[in-house]
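Predicted model only: the values in this text are computed from it and were never measured. Letters A, B, ... are given to chains in the order of the sequence lines, protein chains preceding strands, and every chain is numbered from 1.
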Amino acid sequence: MTLFAVLWIGGVTITGFAIYHELDEIFDSALRETTGQIIPIALQEYRLKSSGQTVAALPAAVATSFQSRRGHVHYFLQDSNGAILVQSKGADAGLLPDPPTNGFRNYGEFRYYMRFLPSERVWIVVAQELHERSEATLSLWLGLASPLLAFLPLAGFAVWRTVGSATAPIRRVSRELEVRGGDHLEPIDDTGLPGELAPVISAVNTLLTRLKAALDQERAFAANAAHELRNPIASARAQVQLARQQARGHGRPRESREYRLAARAVWTPHRKDAADVARRRRPWSLA
Amino acid sequence: MRILLIEDEPLLGEAVATHLKKIHAVDWLQSLDAGCSAMRAVNYDLLLLDLNLPDGYGIDLLRSVRGSGQKLPVIVITARDQIRDRIDGLNAGADDYVLKPFDLDELTARIHSVQRRAVALPNPRQSIGSITVDQIARKVWRGDQEIPLTAREWAILECFTHRLGTIVSKAKLEEVLYDFGSEIESNAVEVYVSRLRKKLGSDSISTMRGLGYRMDR
């Protein structure tokens with residue numbers, strides 16, 4: 001997901017810069033074309049002013065043409081010394097770059113196109129506000145990025161859901177292992193586990209089974225050992241107690257048969273095999 | 001009280017049987033097969049059951065006893081001391097679980113305790129008409145006067161006190177007397193009932209013709 005987003009952003013950035021460059025060229029081309037249209041008007045105005053006649057407003061068709069060039073355009077005519085001979089209405093002479101040179105140039109908040117007119121030995125300087133280009137570029141960027149902005153949350157949600165459902169069995173196993181006590185050695189439920197994890201759980205279950213069997217054998221051994229020890233002790237104790245009772249009843253201590261039997265009981269190894277008994281287990285009918 | 005002891009350890013079985021025979025009729029058998037046969041033939045009052053026996057596991061017999069609906073009190077006597085074994089034994093229907101080695105007097109006390117619970121007599125001291133019976137001390141008083149009883153007389157009286165108000169058959173009384181002598185006279189029951197009547201009062205035990213005897217509350 002992250003790689004996809006990075007690639008997308010990278011692609012959009014490269015495309016954005018390429019289109020921005022093309023847009024710049026289109027704007028410059030339009031500015032050059034506009035300049036070509038302004039030159040006769042500006043020269044006519046310069047000639048009228050030079051001859052002392054009244055300067056008329058620009059023809060309506062020319063003004064409309066300027067507006068269609070996306071943004072305000074100002075123009076100046078300068079002589080070789082930089083003196084302003086003619087300027088469009090509302091143009092601020094303080095913003096002119098000094099000195100004029102042929103070609104395009106950015107200065108302040110304007111994009112300038114300057115051209116020397118050898119016939120009149122004057123410079124035509126046309127300025128276009130840069131924010132027009134910025135707005136166009138911003139619109140371009142927004143257009144390119146908006147699908148990504150809409151797609152990223154959706155893709156993130158989809159990835160979250162997919163990863164969540166894929167890892168749910170793993171989390172289940174993790175929780176089961178967390179809550180297990182030390183004595184809980186039953187196999188782990190491996191249903192629904194991903195194929196990569198199933199062999200691991202299978203191996204763990206095998207280990208648990210072997211561990212449980214070993215512990216059961218150990219317990220059985222301890223129980224049987226206790227059983228084998230307790231039986232002769234119980235016999236000896238009971239026989240001794242019985243002998244004492246009988247001795248008290250007869251009024252004299254004696255080296256009784258019970259004492260001898262009790263002593264023998266302690267040393268007689270018990271050979272009862274608990275496993276054999278377990279194998280012989282069966283229900284008993286009392287009918 | 002007639003007790004069946006199933007214990008394969010000869011020295012222990014012999015000691016327990018000898019000890020209990022002073023006050024009860026005891027049949028001592030050393031295998032589950034023999035114990036099953038005895039239970040089919042005799043109506044015992046209590047079963048002392050070892051678990052590890054040569055021909056099987058005592059818990060299986062216990063489950064069969066409970067499965068058949070018998071209320072026979074059962075005390076498990078075993079060397080298996082694991083908590084799991086004790087739980088299994090009690091869950092299988094044992095009334096008590098005694099671990100080896102045990103004191104013979106403690107075993108006797110547990111037998112009496114289980115028996116009292118079985119006959120719903122939690123108080124070991126009973127007042128029956130004009131007589132008072134102490135099951136623990138095994139003594140009887142008529143008013144303030146203690147009445148001496150022989151072992152057989154006590155066995156008969158104990159059998160009645162566990163079944164007050166109900167008819168006790170002659171066969172059941174013979175079973176109680178059975179272990180006290182190798183031979184039982186045909187009129188042994190009548191003889192001991194007669195002796196008890198003389199000691200406790202002529203109206204203490206009623207004869208139910210053709211059915212048996214009854215001691216009223």
Q.
A quick test of your reading: do over 12 heavy atoms of other residues, nucleotides or ligands sit less than 6.0 Å from CZ of F221(A)?
A. no

Q: Would you indicate whether K212(A), at its atom NZ, is surrounded by more than 12 heavy atoms from other residues, nucleotides or ligands within a distance under 6.0 Å?
A: no

**Q.** Minimum heavy-atom distance E9(B)-S235(A), with the two atoms named
**A.** CG-OG, 3.0 Å

Q.
Tell me whether Y20(A) at atom OH has more than 12 heavy atoms from other residues, nucleotides or ligands lying less than 6.0 Å away.
A. no

Q. Does CD in E109(A) sit with more than 12 non-hydrogen atoms of other residues, nucleotides or ligands closer than 6.0 Å?
A. no

Q.
Just verifying a value: how many Å separate D8(B) CG and N231(A) CG, rounded to the nearest 0.5 Å?
A. 7.0 Å

Q.
Please evaluate residues Q245(A) and K22(B) with respect to the criterion side-chain contact (heavy atoms from CB on, under 4.5 Å), reporting the C-alpha separation (whole Å), side-chain torsions for both, the decisive distance (0.1 Å), and the verdict.
A. CA-CA 11 Å; Q245(A) 287 172 358; K22(B) 294 173 190 168; 2.5 Å; yes

Q: Return the minimal non-hydrogen interatomic distance between L12(B) and A238(A), and the atom names on each side.
A: CD1-CB, 3.7 Å

Q. Given the rule in the side-chain contact (heavy atoms from CB on, under 4.5 Å) test, do I233(A) and K100(B) qualify, once you have shown the distances and angles that lead to the verdict?
A. CA-CA 8 Å; I233(A) 292 171; K100(B) 296 176 184 175; over 6 Å; no

**Q.** Other residues, nucleotides, ligands: >12 heavy atoms within 6.0 Å of K172(B) NZ
**A.** yes

Q: Among T18(B), V16(B), V65(B), single out the residue with the greatest number of heavy-atom pairs under 4.5 Å to chain A.
A: T18(B)

(Q) Distance check, rounded to the nearest 0.5 Å: L104(B) atom CG versus Q239(A) atom CD? (A) 9.0 Å

Q.
Working note: D103(B) + R237(A), criterion side-chain contact (heavy atoms from CB on, under 4.5 Å); need CA distance, chi angles, decisive distance, verdict.
A. CA-CA 8 Å; D103(B) 187 281; R237(A) 178 175 175 174; 3.6 Å; yes

Q | Most contacts with chain A, counted as non-hydrogen pairs under 4.5 angstrom, among P10(B), A15(B), G35(B), S37(B) | A | A15(B)

Q.
Using 0.5 Å steps for rounding, measure from the CD atom of E106(B) to the CD atom of Q241(A).
A. 10.0 Å

Q: Verify the neighbour count for atom CZ of R180(A): are there more than 12 heavy atoms of other residues, nucleotides or ligands below 6.0 Å?
A: yes

